[in-house]
Every structure is written in C-alpha cells, then in structure tokens.
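Computed from a predicted structure; not experimentally measured.
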Amino acid sequence: MGEATREIAWVKQARKEFEAFPPRAQRIMLSALTIAAEGGKADIAKPMKGLGSGVFEIALAHRSEAYRAVYALQIHEAIWVVHAFQKKSRQGIKTPRQDIDPIRERLKRLKEQLR
C-alpha cells in the first residue's frame, strides 16, 4: 500500500473563491484534489509552468465557463490550495497575469509561515 492520504489545506481566500463555483464544478475539483492527496494526479490537473516544481493547476470547463484551482505539493505535509478562479481570459490557454500574481504571493507567504 502507498503512502497515507495527505490533508488538503486551503489559503483562506482560495477557499472563499472556490465556494463561489457552481456545486458540480466544486465536486469535480474536490475529487481531483483528493486524487492528489492520495499521491496521484487527476486527468484535469497539470503542472503549472513558471511557479517552481510541485505547483499544479486543475482546469475544468463547465457549462462554457472555465474554472481553475491551483495547489502546491511541496509546502509542508499538506496539499495547499492557494488560488481558485474563474478564467475570464479569451486569449488562449495562458493564465492571465491578474491570476498569476496572487498565486506567487500566496505561495511565498505560505512558505514563510510554514518554515
């Protein structure tokens, strides 16, 4: 048997953002987070480039809307959800700067707090 299931921890603001998603989108994303907590990677999760290793983005298309949740694997023992947002950008698949900045900031703050 593999390693124990890790806790899923939330940055407070990310939790608030996530709770604004439609219930079905929340359920699908929570199941992807659970897979990560159990040591796997859901099909809808992919590494997020440019933010260091161990940072993943869950990308969900739901009723013509795009929802994202970003989590980090390498901060303490838990899986930390650092940002959740509805992607408004129509410019392809690139994550908009206004969503990258809070992710960077929250990752930095978490690392400092959990040293």
Who passes side-chain contact (heavy atoms from CB on, under 4.5 Å) against Glu19, sequence neighbours left out? Arg15

Name all residues meeting the side-chain contact (heavy atoms from CB on, under 4.5 Å) criterion together with Ser31; count only those two or more places apart in sequence or in a different chain, and write none if there are none. none

Distance (rounded to the nearest 0.5 Å) between Ile44 CD1 and Ile58 CD1: 6.0 Å

Could you report the tightest heavy-atom contact between Ile8 and Thr34, atom names first, then the distance? CD1-N, 4.0 Å

Under 4.5 Å between side-chain heavy atoms, counting indirect links through other Ile/Leu/Val/Met/Phe/Trp/Tyr residues: same cluster for Ile75 and Trp10 or not? no

Nearest 0.5 Å please: distance from the CZ atom of Arg68 over to the NZ atom of Lys87. 5.0 Å

Please report the interatomic distance NZ(Lys108) to CG(Leu51), rounded to the nearest 0.5 Å. 14.0 Å

Under the rule for ring pair (Phe, Tyr, Trp, His ring centres under 6.0 Å), what residues qualify as partners of Phe21, not counting sequence neighbours? Phe18, Tyr67

Less than 4.5 Å apart, side chain to side chain, heavy atoms only: is that true for Tyr71 and Leu33? yes

Lys41, NZ: over 12 other non-hydrogen atoms inside 6.0 angstrom: yes

For Ala42 and Ile35, work out which heavy atoms get closest and say how close. N-CG2, 3.7 Å

Among the clusters formed by ILVMFWY side chains lying less than 4.5 Å apart, do Ile100 and Val11 turn up in the same one? yes

When you compare the side chain of Leu60 with that of Glu65, does any pair of heavy atoms fall below 4.5 Å? no

Atom pair CD (Gln13) and CD (Glu105), whose distance is rounded to the nearest 0.5 Å: 13.0 Å

Under the 3.5 angstrom rule, does the side chain of Arg6 hit a backbone N or O of Leu73 as a donor-acceptor pair? yes

How long is the gap from CG on Leu107 to CD on Gln74, to the nearest 0.5 Å? 11.0 Å

Shortest non-hydrogen contact from His76 to Leu114? CD2-O, 3.1 Å

Drop me the distance from Glu38's CD to Thr5's OG1, to the nearest 0.5 angstrom. 4.5 Å

With sequence neighbours left out, write down each residue that passes side-chain contact (heavy atoms from CB on, under 4.5 Å) with Gln113, or none if nothing qualifies. Arg109, Leu110

Using side-chain contact (heavy atoms from CB on, under 4.5 Å), reason through Val55 and Lys49 one step at a time and then give a plain yes or no. CA-CA 8 Å; Val55 179; Lys49 291 175 175 52; over 6 Å; no

Only pairs under 3.5 Å count here: list side-chain donor-acceptor contacts from residues 77-85, not counting sequence neighbours, and write none if there are none.
{"residue": "His83", "atom": "ND1", "partner": "Glu17", "partner atom": "OE1", "Å": "3.1"}
{"residue": "His83", "atom": "ND1", "partner": "Arg106", "partner atom": "NH1", "Å": "3.1"}
{"residue": "His83", "atom": "NE2", "partner": "Asp99", "partner atom": "OD1", "Å": "3.1"}

If the condition is side-chain hydrogen bond (donor to acceptor under 3.5 Å, both in side chains), which residues does Arg63 pass it with, not counting sequence neighbours? none

